[in-house]
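In what follows, a structure is listed as structure tokens, so that the remarks can point back to it.
Quick note: numbers below take in every heavy atom, side chains included, and nothing from hydrogens, waters or symmetry partners.
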Amino acid sequence: PVAYAQTLAGLKPGTTYYYCAIAKNPLRTSFGAVLSLTTKAGAPQVTTTPPTDVVSDGAVLSGTVVPAGAATTGWFRYSTINPESCNDSFGARAPASEGQELGAGVVAVSFSVALSGLVPGTTYYYCAIATNQQGTTYGELLSVVPGTGAPSVATEGSTDLTGDTATIVGTVEENGSAAT
């Protein structure tokens, strides 16, 4: 017998793959038994994404995580003091305890947390963090300034209706920026 091997690259962590050996000569092709292998789970891959729903005193912090084949939990850290890099000791944690369960898959999962009671016009630094049995990883440090988001607007209705005129009414919360 002659041994041969093939190194595989680009496999996804925590994934089962099936394979078999194949040999060919001028007379025929032969196939070995089908076997399987399961790659080891890896540390999660986390990305901090831009905030959404920025209002006068709050914002929704967002991130994505690839759990890498192991049960993964995610959360955020935020502070008005710039920590220069993401870590799990600066500022406040959101959610305050536990975190969000993000599964054990091998594709990106989005997660977020809504913050309220923030000081308008103040810069808050934040990052996404994820952990599983293989390790803890940190997303990029980003910032958000509440009170400088898109204006919030509501259509209130109409008044003073006549045959050819009407007054339409709305309200706007400027959220820190001049609105038209």
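Within the structure, salt bridge (charged side-chain N to carboxylate O under 4.0 Å, His left out) pairs that include any residue of residues 100-129 do not occur (at least two apart or interchain). Within the structure, every pair that satisfies the side chain to side chain donor-acceptor pair (under 3.5 Å) test and touches residues 20-43, not counting sequence neighbours, is listed here: Thr16-Thr38. Counting only residues at least two apart or on different chains, the salt bridge (charged side-chain N to carboxylate O under 4.0 Å, His left out) pairs with a member in residues 61-80 are Arg77-Asp88.
Across Gly32 and Cys20, no two heavy atoms sit closer than the pair O-CB, 3.6 Å. Closest approach of Pro50 to Leu142, counting heavy atoms only: N-CD1, 3.9 Å. Considering every non-hydrogen atom in both Ser56 and Pro120, the closest pair reads O-CG, 3.0 Å. Here the shortest heavy-atom pairing between Asn132 and Ala70 reads ND2-CB, 3.6 Å. Annotation for Ala71 and Ala104: closest pair N-CB, 3.5 Å, computed over non-hydrogen atoms. Ala94 approaches Tyr78 most closely through the heavy-atom pair CB-CE2, 3.9 Å.
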message = Quick one, Val144 with Val54, criterion side-chain contact (heavy atoms from CB on, under 4.5 Å). Give me CA distance, side-chain angles, the key distance, then yes/no.
response = CA-CA 8 Å; Val144 59; Val54 179; 3.7 Å; yes

Stepwise side-chain contact (heavy atoms from CB on, under 4.5 Å) test for Val119 and Tyr124 = CA-CA 9 Å; Val119 178; Tyr124 288 84; 3.7 Å; yes

query = Under the side-chain contact (heavy atoms from CB on, under 4.5 Å) criterion, do Val113 and Gln100 qualify, and how do the steps go?
reply = CA-CA 9 Å; Val113 65; Gln100 295 179 27; 4.2 Å; yes

request  = Using the side-chain contact (heavy atoms from CB on, under 4.5 Å) rule, take Leu118 and Ser116 through it: C-alpha gap first, then chi angles, then the decisive distance, then the call.
outcome  = CA-CA 6 Å; Leu118 302 179; Ser116 61; over 6 Å; no

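Under the ring-ring contact (aromatic ring centres under 6.0 Å, His included) criterion, Phe76 pairs with Phe111, sequence neighbours left out. Take Glu156 and apply the side chain to side chain contact (heavy atoms under 4.5 Å, CB included) test, not counting sequence neighbours, and it matches Ala154, Val169, Thr171. With sequence neighbours excluded, the residues forming a side chain to side chain contact (heavy atoms under 4.5 Å, CB included) with Ser158 are Leu161, Ile168, listed by chain and number. By the side chain to side chain contact (heavy atoms under 4.5 Å, CB included) test, Ser62 pairs with Thr49, Thr52, Val60, Ser112, sequence neighbours left out. A search for side chain to side chain contact (heavy atoms under 4.5 Å, CB included) contacts involving Ser97 returns nothing, not counting sequence neighbours.
Remark: the backbone N or O of Ala128 is paired with a side-chain donor or acceptor of Thr48 at under 3.5 angstrom. Counting only distance, with no hydrogens or angles, the side chain of Tyr4 and the backbone of Ala21 share no donor-acceptor pair below 3.5 Å. Within the 3.5 Å criterion, the main-chain N or O of Ile81 finds a donor-acceptor partner in the side chain of Ser79.
In this structure, Leu27 stands alone, with no Ile, Leu, Val, Met, Phe, Trp or Tyr side-chain heavy atom under 4.5 Å from its own, directly or through other members. With a 4.5 Å cut-off between side-chain heavy atoms of Ile, Leu, Val, Met, Phe, Trp and Tyr, the cluster of Leu141 takes in Phe90, Tyr125. Counting Ile, Leu, Val, Met, Phe, Trp and Tyr side chains that sit under 4.5 Å apart, directly or through other members, Tyr138 shares a hydrophobic cluster with Trp75, Ile129. Alongside Val2, the hydrophobic cluster contains no other residue (criterion: ILVMFWY side chains under 4.5 Å).
If you take OG1 on Thr122 and CG on Asp57, they are separated by 11.5 Å, rounding to the nearest 0.5 Å.
One hydrophobic cluster holds both Leu11 and Leu35 under the rule that ILVMFWY side chains link at heavy-atom gaps under 4.5 Å. When hydrophobic clusters are built by joining Ile, Leu, Val, Met, Phe, Trp and Tyr residues whose side-chain heavy atoms come closer than 4.5 Å, directly or via intermediates, Val34 is not grouped with Tyr19.
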